[in-house]
Amino acid sequence: MKKLLNNNNELLIEEINKLKKEKNAIILAHFYQRKEVQDIADFIGDSLALAQFAYKTDADIIVLAGVVFMAETAKILNPEKTVLIPDKNATCSLAESCKYKDFKKLKEKHKDAVVVTYVNTFADVKSISDICCTSSNALKVINSIGTENEIIFGPDENLGKYIESLTNRKMILWNGRCHIHDKFSLEKIIKIKSKNENIKIISHPECRKSILIISDFVGSTSDLIKFVKKDNSKKYIVVTEPGVIFEMKKECPDKDFIPAPPDDADCNCNECEYMKMITLEKIYSSLKNEKFEIHLKKEIINKAKLPILKMLEIS
Ligand code: 13P
């Protein structure tokens, strides 16, 4: 391994590419991944696009450079394939906030409600959901549900409240928060804006309402990228995990992107430590040793597949 790490990662990348070919494997990466991981991926996308891509791939092995719920979604859509996550500790604060037992209790309290879960949940929670959504299709999904129905929406409360404000519909919200998006500093963002003329604030809907209100644009990671491509401003405060800036810079090399700072006194950037757990070394080892494989019970796969497929149909 030592030898593979020399030479600007070149040998490591070469070995990863060799293994990919040998094993008919692909690497799917989320926009929050490290730059070098995004660079070797066969496909980079937001959580919806990753699920869509995973559903149609004919590779035998899928390496998910993202977090565990994304790898689980790929496995649910491809039960016969080997799905690998290079670090099994790459979790998600939202998914962790919504445990099966507790969520089931809420569902039992509102027996007639339609249960909508954000993809940022584990497979067992999806298995008791009616339909899934991501930040790029949440509005479409909620609008597809008749207004006579009560809706349970979880686990992201900020996204839920944002959708409520767009639809004028009250939902029963789970009180989960993304530990990254919930910590951006309104005060520091306003300060950056006051010092930069013509700068735009672009935010992910997992942010707090106070930030969404002052934003020029709100959208999923891929919507934010699409926005900066077509918008004519030159400078943006990016209020989401800063990994997304690699793709923005690739698409718009002449524009400036300032990562929004968190509330923490001496920290300037809000990186997700779980997303950043995935490294080139771990991808190499994952492909070579076929670890860590996602295993889910057949019964969970069969049940969890339905709400994901419903979401993909709508998207
Ligand atoms: P996207 O659906 O925008 O990719 O967001 C995924 C996510 O996990 C945000 O925290």
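Keep in mind that what you see is a predicted model, and the values were worked out from it rather than measured. As a basis for the values below, the full set of heavy atoms in this structure was taken, side chains included, without hydrogen atoms, waters or symmetry mates.
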4.5 Å side-chain heavy-atom contact, [X] and [Y]:
| X | Y | result |
| --- | --- | --- |
| Leu280 | Arg34 | no |
| Glu164 | Ile142 | no |
| Lys193 | Ile237 | yes |
| Ser203 | Ile189 | no |
| Ile16 | Leu287 | yes |
| Met70 | Met275 | yes |
| Thr147 | Arg169 | yes |
| Asn17 | Glu14 | no |

Counting N and O atoms only, with roles assigned by atom type, does the side chain of [X] sit under 3.5 Å from a partner on the main chain of [Y], one being a donor and the other an acceptor?
| X | Y | answer |
| --- | --- | --- |
| Gln38 | Gln33 | yes |
| Ser285 | Glu281 | no |
| Ser129 | Cys132 | no |
| Ser315 | Met311 | yes |
| Lys35 | Phe246 | no |
| Asp130 | Val115 | yes |
| Arg208 | Phe184 | yes |
| Lys229 | Glu251 | no |

[X] and [Y]: side-chain donor and acceptor closer than 3.5 Å?
| X | Y | result |
| --- | --- | --- |
| Lys291 | Ser286 | no |
| His181 | Thr240 | yes |
| Asp223 | Ser136 | no |
| Asp46 | Ser222 | yes |
| Tyr236 | Lys255 | yes |
| Asn158 | Asp182 | yes |

Quick check: closest heavy atoms across [X] and [Y], and the distance to 0.1 Å?
| X | Y | answer |
| --- | --- | --- |
| Thr91 | Val67 | O-CG1, 3.3 Å |
| Pro242 | Glu271 | CG-CG, 3.8 Å |
| Lys188 | Pro261 | CB-CG, 3.7 Å |
| Asn78 | Ala54 | ND2-O, 2.8 Å |
| Pro155 | Tyr118 | CD-CB, 3.7 Å |
| Gly160 | Leu173 | CA-CD2, 3.8 Å |

Paired with Thr117, the side-chain contact (heavy atoms from CB on, under 4.5 Å) test is passed by just one of Ile308, Asp156, Val125, namely Val125
Which of Asn198, Ile199, Asp254 passes side-chain contact (heavy atoms from CB on, under 4.5 Å) with Lys234? It is Asp254
[X] and [Y] aromatic centres sub-6.0 Å:
| X | Y | result |
| --- | --- | --- |
| His179 | Tyr274 | yes |
| Phe227 | Phe217 | yes |
| Phe153 | Trp174 | no |

[Y] reachable from [X] in the ILVMFWY side-chain graph, under 4.5 Å edges:
| X | Y | result |
| --- | --- | --- |
| Leu139 | Ile152 | no |
| Ile131 | Leu159 | yes |
| Ile180 | Ile225 | no |
| Ile294 | Leu64 | yes |
| Ile211 | Leu94 | no |

I'd like to know if [X] pairs up with [Y] as an ion pair, taking the criterion as any Lys NZ or Arg NE/NH1/NH2 lying under 4.0 Å from an Asp or Glu carboxylate oxygen.
| X | Y | answer |
| --- | --- | --- |
| Glu299 | Lys303 | yes |
| Lys23 | Glu290 | yes |
| Lys183 | Asp263 | no |
| Asp216 | Lys200 | no |
| Lys104 | Glu108 | yes |
| Glu157 | Lys161 | yes |
| Glu313 | Lys310 | no |
| Lys250 | Glu247 | yes |

Working to the nearest 0.5 Å, report the span between [atom1] of [X] and [atom2] of [Y].
| X | Y | atom1 | atom2 | answer |
| --- | --- | --- | --- | --- |
| Glu72 | Ile300 | CD | CD1 | 9.5 Å |
| Ile213 | Cys207 | CD1 | SG | 12.5 Å |
| Leu84 | Lys282 | CG | NZ | 14.5 Å |
| Ile278 | Glu36 | CD1 | CD | 12.0 Å |
| Ile301 | Glu80 | CD1 | CD | 9.5 Å |
| Ile151 | Ile172 | CD1 | CD1 | 9.0 Å |

#### Entry: Asp42 and Lys20: CA distance, side-chain angles, deciding distance, salt bridge (Lys or Arg N to Asp or Glu O under 4.0 Å) verdict
CA-CA 10 Å; Asp42 297 278; Lys20 260 180 20 185; 3.3 Å; yes
If you count every heavy atom of other residues, nucleotides or ligands that lies below 6.0 Å from [X] atom [atom1], does the total exceed 12?
| X | atom1 | answer |
| --- | --- | --- |
| Asp112 | CG | no |
| Tyr55 | OH | no |
| Glu197 | CD | no |
| Asp58 | CG | no |

### Query
Does the pair Phe122 and Phe69 meet the rule for a ring-ring contact (aromatic ring centres under 6.0 Å, His included), with working shown?
CA-CA 5 Å; Phe122 294 122; Phe69 78 80; 7.7 Å; no
Practice item. Quick one: do Glu273 and Lys276 satisfy salt bridge (Lys or Arg N to Asp or Glu O under 4.0 Å)? Show the steps, please. Key: CA-CA 5 Å; Glu273 66 274 36; Lys276 279 5 188 207; over 6 Å; no
